[in-house]
2 protein chains.
Amino acid sequence: MSRISLEERKQKVLQIVIHHYIRTGKPVGSETIIEKNKLEVSPATVRNILAALEREGYLTHPHTSSGRVPTDKGYRFYVDSLMQLQQLTQEEEQRIEKEYESQRGALDSVMQETSKMLSMLSHYTGFVLTPSPAVDHLKRLELVKLDRDRILAVLVTDAGLIRHKIMEIDQDVNSTELVSINRLLNKNVYGISVNDIGAEIFKRLQQEKNKQIKYVNIMEKLVQQAFALDEEGELYLEGASNILSQPDFADYDKVRNIFKVIDEKKMLCELLEEKVGHEGTKVIIGEETPCKELQECSIVTSTYRAGDRTLGALGIIGPKRMEYSKMIALVDYFSKLINKTLSRPAKELKREPRKK
Amino acid sequence: MSRISLEERKQKVLQIVIHHYIRTGKPVGSETIIEKNKLEVSPATVRNILAALEREGYLTHPHTSSGRVPTDKGYRFYVDSLMQLQQLTQEEEQRIEKEYESQRGALDSVMQETSKMLSMLSHYTGFVLTPSPAVDHLKRLELVKLDRDRILAVLVTDAGLIRHKIMEIDQDVNSTELVSINRLLNKNVYGISVNDIGAEIFKRLQQEKNKQIKYVNIMEKLVQQAFALDEEGELYLEGASNILSQPDFADYDKVRNIFKVIDEKKMLCELLEEKVGHEGTKVIIGEETPCKELQECSIVTSTYRAGDRTLGALGIIGPKRMEYSKMIALVDYFSKLINKTLSRPAKELKREPRKK
DNA sequence: AATTAGCACTCTAGGTAATAGAGTGCTAAT
DNA sequence: ATTAGCACTCTATTACCTAGAGTGCTAATT
């Protein structure tokens with residue numbers, strides 16, 4: 001009587017299993033499937049379908065006499081084709097927006113706040129990877145004298161990142177000299193990516209070669225030390241303890257491994273920086289991750305950008321059995337929100353010369 | 001035949017029990033005590049002593065037929081009276097010293113590195129609480145114009161902390177004006193604690209009242225925004241996952257609670273800031289902590305200072321069953337090391353006028 | 001040819017029982 | 001005051017049982 005084609009029904013069953021499993025965490029049996037979803041077929045039929053789905057790799061058995069559980073492939077298909085995207089509730093959106101209003105500070109603190117909120121709203125672990133300053137463009141560069149032999153360099157990037165670095169110098173510079181170096185630099189520095197800045201400064205220095213050797217010397221130091229930002233971006237990570245609340249992670253060894261990765265943020269940074277290239281919200285499910293300690297997890301991540309440059313990544317880490325539809329919506333929302341936030345100061349900047 | 005007085009022998013037994021328990025984690029029985037320590041008494045005698053120690057509250061039974069385990073009171077007595085302080089091995093000291101050499105950067109990164117090393121060497125969780133900038137004295141203050149309506153204030157404190165804050169202003173200031181404000185401030189600002197700076201600037205401003213109103217306005221903003229450093233110090237915390245490797249924390253609920261506290265650094269900050277007043281290395285054992293989630297832990301902490309001002313705290317968090325003697329030595333060593341590091345730049349500063 | 005009823009089979013989770021071993025506490029002897 | 005001796009208690013491990021959940025297969029049904 002049902003007009004559903006075989007393939008369609010298969011998908012429906014798969015969808016029911018995954019959905020149910022995500023909610024309950026218990027393997028799903030044939031009877032349950034029928035009960036909850038008024039399918040007009042017998043358990044036996046469902047069992048056949050389940051067996052087929054298992055043969056094709058979308059489901060497994062923990063053991064002979066238990067219900068089905070999704071495999072990574074199953075989740076993947078669900079995320080790609082079966083799941084329908086949710087929207088955040090208005091209440092949630094308001095809550096986020098409100099928190100953002102009060103947080104009109106430096107970029108770093110916005111990012112930190114964002115990772116906290118991601119964690120809070122998802123009940124998983126939230127993270128934000130700030131841009132490696134190297135990728136970003138330079139907006140201001142300030143040199144401040146600390147002692148006889150140390151200068152503080154403060155970099156402000158286009159996106160609003162602020163980084164500082166202490167340089168050691170071997171010849172004294174008085175503050176007047178410093179001011180003119182500073183002025184010289186700021187004339188030459190604007191809008192260049194931090195990466196290219198060393199080369200660029202030297203090039204421009206050629207043209208102004210009538211300057212004193214001392215300056216050149218300082219500049220060299222500057223390039224060597226201040227812009228040798230080996231760092232990858234900062235990783236803000238919040239709500240790690242949420243992992244422990246997940247019944248999926250009852251196994252001690254698994255949890256320990258996950259925490260080891262989270263603890264050493266470096267690994268995660270690398271993993272995420274790979275993703276920074278890609279546009280849009282992505283889901284990494286279980287073994288799809290390059291990092292084997294996270295094979296029991298899924299990661300939902302997106303990127304953010306200012307104008308055309310992709311700057312960083314953000315997202316959540318949780319168990320494979322997560323509410324993907326909701327999480328994707330959440331991460332997506334934050335990604336867009338940050339994009340909006342980042343494009344705001346740029347506008348004000350352009351207004352400046354006119355006003356003056 | 002043994003000339004040991006009763007009390008002395010009791011202490012010896014207590015010491016053996018705790019020592020052994022710290023090493024093995026297994027309850028200690030009467031036979032074990034004799035075996036390992038060539039005491040010339042019978043098991044029965046030892047049992048009597050154990051019973052007495054238990055009556056007095058230094059030991060307990062997990063259950064009737066198991067050996068003894070120290071109570072918090074037992075550990076406390078051990079730490080205060082029984083334990084003999086260890087020294088770090090030369091190898092360890094060298095390893096630390098070497099790591100420090102390469103890390104000659106800003107204070108924050110030194111602190112972060114320190115917490116990492118504390119964690120690595122202890123195999124527990126290491127932390128460093130940086131000074132609340134409010135406590136520290138101001139060394140330099142730099143204002144950098146970002147946009148038409150935003151100024152970046154960079155604070156450098158005496159100890160080497162660097163903090164920045166973005167201020168929003170409602171009237172335009174051109175860079176020349178900013179430079180003179182800056183100069184004015186730096187003349188007045190040196191050596192004052194960040195806490196008192198608001199009042200102080202206003203006071204001095206009175207004296208120079210022949211300045212423009214605009215300046216006063218900016219100053220006000222400055223005081224309101226840049227020095228409203230509500231923050232407590234930063235807390236660097238590393239090696240949280242080490243907690244999971246401790247067999248003592250096999251209980252899931254306990255661990256979850258501990259992690260919740262660690263995750264929300266705020267609670268820990270408060271706990272530690274209380275301790276900042278006190279001098280020297282302190283041990284907090286189990287229920288001695290004000291924070292009930294940490295009742296299964298012990299904390300070894302010390303403070304560090306520059307000159308006479310205590311600035312921050314550092315230490316480790318581990319299970320109650322920890323090698324106190326070693327841990328105390330470790331924390332102590334780092335405390336002294338940081339003290340030394342902090343007093344170094346001050347010296348160089350004094351050398352300056354002479355050299356010139 | 002797809003669906004279904006029926007049934008044997010498998011595996012888990014939970015409970016009970018039995019046993020060995022560790023360590024105590026007490027009593028009476030030294 | 002110390003100790004030998006012994007009964008006692010509790011744990012940890014193993015083995016075994018049972019109920020229940022859910023499957024997979026075969027043969028009957030539509």
Side-chain angles (χ1 to χ4, degrees), chain A residues 1-14 16-18 20-21 24-71 74 247 250-251, chain B residues 1-14 16-18 20-21 24-56 58-71 247 250-251:
Chain A
M1 60 216 74
S2 60
R3 208 50 53 77
I4 308 176
S5 82
L6 204 154
E7 271 307 310
E8 232 174 284
R9 202 176 54 185
K10 239 183 187 168
Q11 294 194 6
K12 177 112 197 235
V13 169
L14 180 54
I16 292 171
V17 171
I18 297 185
H20 196 267
Y21 183 68
T24 66
K26 308 265 171 243
V28 189
S30 51
E31 310 260 9
T32 325
I33 293 175
I34 296 168
E35 271 172 45
K36 303 274 165 178
N37 291 73
K38 58 201 170 165
L39 284 191
E40 284 157 341
V41 281
S42 75
T45 314
V46 174
R47 279 206 289 281
N48 285 333
I49 301 175
L50 289 174
L53 283 167
E54 177 155 3
R55 237 173 291 125
E56 293 163 36
Y58 295 103
L59 297 173
T60 1
H61 264 155
H63 54 263
T64 345
S65 75
S66 82
R68 294 321 205 283
V69 157
T71 60
D251 183 350
Chain B
M1 63 216 71
S2 60
R3 207 48 54 75
I4 308 178
S5 82
L6 203 156
E7 272 307 311
E8 233 174 284
R9 202 176 51 185
K10 239 183 187 169
Q11 295 194 6
K12 177 113 197 232
V13 170
L14 180 56
I16 293 170
V17 171
I18 296 185
H20 195 267
Y21 183 69
T24 66
K26 308 265 171 246
V28 189
S30 50
E31 310 259 10
T32 324
I33 295 175
I34 295 168
E35 271 173 42
K36 303 274 164 173
N37 292 73
K38 59 203 169 164
L39 285 191
E40 283 159 341
V41 280
S42 77
T45 314
V46 174
R47 280 205 289 279
N48 286 332
I49 301 174
L50 288 175
L53 283 168
E54 178 156 2
R55 238 172 290 127
E56 293 163 37
Y58 296 103
L59 297 174
T60 1
H61 265 152
H63 54 263
T64 345
S65 76
S66 83
R68 293 323 203 282
V69 159
T71 60
D251 183 350

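Naming convention: chains lettered A, B, ... in sequence-line order (proteins, then strands); numbering from 1 in each chain. Side-chain atoms are counted along with the backbone in the values below, which use heavy atoms only and exclude waters and symmetry mates.
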Dump the pairs, protein N or O against N or O of nucleotides 27-30 of chain C, anything under 3.5 Å, distances to one decimal.
none

Take the protein atom [atom1] of [X] and the nucleotide atom [atom2] of [N], then report the distance between them rounded to whole Å.
{"X": "His61(A)", "N": "dG22(D)", "atom1": "NE2", "atom2": "C1'", "value": "8 Å"}
{"X": "Ile34(B)", "N": "dT2(D)", "atom1": "CD1", "atom2": "P", "value": "13 Å"}
{"X": "Lys10(A)", "N": "dT3(C)", "atom1": "NZ", "atom2": "C1'", "value": "16 Å"}
{"X": "Glu7(A)", "N": "dA2(C)", "atom1": "CD", "atom2": "P", "value": "13 Å"}
{"X": "Ile49(B)", "N": "dT2(D)", "atom1": "CD1", "atom2": "P", "value": "7 Å"}
{"X": "Glu31(B)", "N": "dG25(C)", "atom1": "CD", "atom2": "C1'", "value": "14 Å"}
{"X": "Arg55(B)", "N": "dC26(C)", "atom1": "CZ", "atom2": "C1'", "value": "13 Å"}
{"X": "Leu59(A)", "N": "dG24(D)", "atom1": "CG", "atom2": "P", "value": "11 Å"}

B/S/- along nucleotides 4-12 of chain D (protein heavy atoms under 4.0 Å) is BB---BBS-
Using the side-chain heavy atoms of [X], tell me which of these nucleotides is nearest: [options].
{"X": "Arg68(A)", "options": "dT23(D), dT24(C), dT4(C)", "value": "dT23(D)"}
{"X": "Asn48(A)", "options": "dT4(C), dT2(D), dG24(D)", "value": "dT4(C)"}
{"X": "Leu50(B)", "options": "dT4(C), dT24(C), dG24(D)", "value": "dT24(C)"}
{"X": "Ser30(A)", "options": "dT3(D), dT23(D), dG25(C)", "value": "dT23(D)"}
{"X": "Thr45(B)", "options": "dG25(C), dT23(D), dT2(D)", "value": "dT2(D)"}

Mate of [N] where both pairing distances stay under 3.5 Å, Watson-Crick or G-U:
{"N": "dC10(D)", "answer": "dG21(C)"}
{"N": "dA29(C)", "answer": "dT2(D)"}
{"N": "dC17(D)", "answer": "dG14(C)"}

By nearest-heavy-atom nucleotide on DNA chain D, the more 5' of Gly29(A) and Val46(B) is Val46(B)
Nearest heavy-atom contact between Lys10(A) and Ala52(A) is CE-CB, 3.8 Å
**Request:** Check Pro27(A) against Pro62(A) and note the closest heavy-atom contact, atom names and distance.
**Result:**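 Pro27(A) and Pro62(A) have their closest heavy atoms at CG-CG, 4.1 Å.
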Close side-chain approach of Thr60(A) to Glu54(A), heavy-atom, < 4.5 Å =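 With C-beta onward as the side chain, the pair touches.
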- With a 4.5 Å limit on heavy-atom distance, are the side chains of Leu53(B) and Arg68(B) in contact?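 Answer no - side chains too far apart.
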Q.
Just to verify, which of Leu59(A), Val69(A), Val17(A) counts as forming a side chain to side chain contact (heavy atoms under 4.5 Å, CB included) with Val28(A)?
A.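 Result: among Leu59(A), Val69(A), Val17(A), Val17(A) is the only option passing the side chain to side chain contact (heavy atoms under 4.5 Å, CB included) with Val28(A).
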